[in-house]
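Read the structure below first, then the notes.
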Number of protein chains: 2
Amino acid sequence: MKLNIVLADDHQMFRHALRALLEKEPHLNIVAEAADGEALLRIIGEQAVDIVCIDIGMPGMNGIEATRRLLALRPEIRVIGLSAYSDRQFVIDLLNAGALGYVTKAEASEELLRAIHHVQQGRTYLCPDVSGAVASALRFDTDLRASSHTLTARERQVLQLIAEGHTSARIAERLHIAASTVEVHRRNIMRKLGLHNVVELTRYAIHSGISPVVDDGA
Amino acid sequence: MKLNIVLADDHQMFRHALRALLEKEPHLNIVAEAADGEALLRIIGEQAVDIVCIDIGMPGMNGIEATRRLLALRPEIRVIGLSAYSDRQFVIDLLNAGALGYVTKAEASEELLRAIHHVQQGRTYLCPDVSGAVASALRFDTDLRASSHTLTARERQVLQLIAEGHTSARIAERLHIAASTVEVHRRNIMRKLGLHNVVELTRYAIHSGISPVVDDGA
DNA sequence: TTCGGCATACCGGTTTACCGGTAGTTCGCG
DNA sequence: CGCGAACTACCGGTAAACCGGTATGCCGAA
């Protein structure tokens, strides 16, 4: 029986290339690709999916948020996070969202195949450099889950859009809420994190992995 | 006769995937991969290479600098820039460095094949979204080749302070100049780079290395 | 020497961010 | 049930950013 896999990444070229690579494995079946979180949620609502490989650094709904919503709809799906970065907080957040695997793009593609093999059996898999980072962090912080910020899902969503350079008005349109509400969210975020302007919010979002370092378009 | 191609990207997974994809083309021969500029220069000194696909956003020696040095050693090699973003300045700089092609990762992989086909014949190829960005820039700036988008030393200094979260007033104090002058600098920076708010300035400063993202030991 | 680039500085105006409140709804939990 | 958390929404006000323009002195290149 073949494994049905969905690839989610904002770079079409990376998706195509990864598809070409995974299709060399006879037991894998790439059933769909998604360029963003919204497309991904549509896809998993339409067809049978076993494993989702999802990029963390996607514009709009990011990979962590998408994972959260995806698993709320289909808890049986195994999620593997793909990322360019190995930030500690980043990994923790994704695992808390319910993902089973985490592999950085700097690793060899064999690591992804290994992750697929592990999560298929319900086991967790972290690629070497990530598991090392998490392990070293555990030595200093006994309870990573409860520590750090505690932004709500909505707040993370707003923060990401702020860090992408959108004004409150545009964010409000995007989320179908009032601009005043967006400003309340921003103020709550700033209060929780002890930050005082959008530059600091942007830096926090980038460093924490909520927003990728670079985004496309001009 | 097969085309000898080298792939340069800091993400091993992307290189492997791209190799799998390009190897489906019978006339292409992937002879080597490089994770950074130094490795790339070593490779082209050791074997026959026709085309190099190089990522712009590599740590250490970036793609533009690597292209410059590569073509100084082997001017006959055709270089195609691969990038996650379509920033105008990067396109201009890369073309000035001597590259013939520029394709963003957000584009389909067919765009890369098209670029390979074009540069093989010595022709320039820019993928649609990039050529659009360059064309729109041409309307406002008659001479892009002269790299008029280069920031002055003072502008870089101001940009760094902006990206650290300081207001114009504070920056003015720090530099012992008037706040109005700081604002002129900021506007000139934004005009040169095609950016429109401090969030975009912050992101630019971070990914261009003007302002570092402090990594807490990960 | 004329020209352009750079840094300096100010004017006026619009938009957005930032800060302080208040307050309604929903939803889950003890 | 009552309570708190989260999300929603508005009010008023100040500060800062953003967008035009104009202008001066300096310096190096054509």
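So you know, we letter chains A, B, ... as the sequences are listed, proteins then strands, and number each from 1. The structure presented is a predicted model; accordingly, all values stated were derived computationally and were not measured.
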Please find the pair of heavy atoms, one from B:R174 and one from B:L161, that lie closest to each other, and give the distance.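 Shortest heavy-atom separation between B:R174 and B:L161 comes out as NH1-CD2, 3.9 Å.
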Quick check for you: among [options], whose closest atom lies nearest to any side-chain atom of [X]?
X: A:A178; options: D:dC10, C:dA7, D:dC18; answer: D:dC10
X: A:I177; options: C:dC19, D:dA9, D:dC18; answer: D:dA9
X: A:T152; options: D:dA17, D:dT8, D:dC7; answer: D:dC7
X: B:H196; options: D:dC7, C:dA7, D:dC19; answer: D:dC19

Would you check if [X] and [Y] make a side-chain contact, meaning some heavy-atom pair closer than 4.5 Å?
X: A:M58; Y: A:I64; answer: no
X: B:I80; Y: B:I51; answer: yes
X: B:L18; Y: B:D9; answer: no

With a 4.0 Å cut-off on N to O distance, would you call B:K105 and A:D10 a salt bridge?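 Here B:K105 does not pair with A:D10 in a salt bridge, since their nearest N and O are not under 4.0 Å apart.
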side-chain hydrogen bond (donor to acceptor under 3.5 Å, both in side chains) partner of A:Y125, the single match among A:E111, A:Q120, A:H118: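 Per the side-chain hydrogen bond (donor to acceptor under 3.5 Å, both in side chains) rule, the option paired with A:Y125 is A:E111, out of A:E111, A:Q120, A:H118.
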In this structure, how many angstroms lie between the [atom2] atom of [N] and the [atom1] atom of [X], rounded?
X: A:L151; N: D:dA5; atom1: CG; atom2: P; result: 16 Å
X: A:I171; N: D:dC7; atom1: CD1; atom2: C1'; result: 16 Å
X: B:L201; N: D:dC19; atom1: CG; atom2: P; result: 10 Å
X: B:L159; N: C:dA7; atom1: CG; atom2: C1'; result: 17 Å
X: B:R156; N: C:dC6; atom1: CZ; atom2: P; result: 11 Å
X: B:L175; N: C:dA9; atom1: CG; atom2: C1'; result: 15 Å
X: B:E200; N: D:dC18; atom1: CD; atom2: C1'; result: 12 Å
X: A:R154; N: D:dA9; atom1: CZ; atom2: C1'; result: 13 Å

Side-chain N or O of B:S168 versus OP1/OP2 of D:dA17: is the shortest distance under 4.0 Å?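 For B:S168, the contact criterion (side-chain N or O under 4.0 Å from OP1 or OP2 of D:dA17) is met.
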Is the phosphate of D:dC18 approached by B:R191 (side-chain N or O, under 4.0 Å from OP1 or OP2)?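 It does not, given that no N or O in the side chain of B:R191 lies less than 4.0 Å from OP1 or OP2 of D:dC18.
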Quick check on contacts: within residues 180-187 of chain B, what sits under 4.0 Å from DNA chain D by heavy-atom distance?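 Close to the strand are B:E183, B:R186, B:R187.
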Measure up the B:F14 and A:F14 rings against each other and bin them: parallel (under 30°), tilted (30 to 60°), perpendicular (over 60°).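 Parallel.
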Just to be sure I understand the rule, does B:N197 reach a base, reach only the sugar-phosphate, or reach nothing, if contact means heavy atoms closer than 4.0 Å?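 B:N197: backbone/sugar contact only, no base atoms under 4.0 Å.
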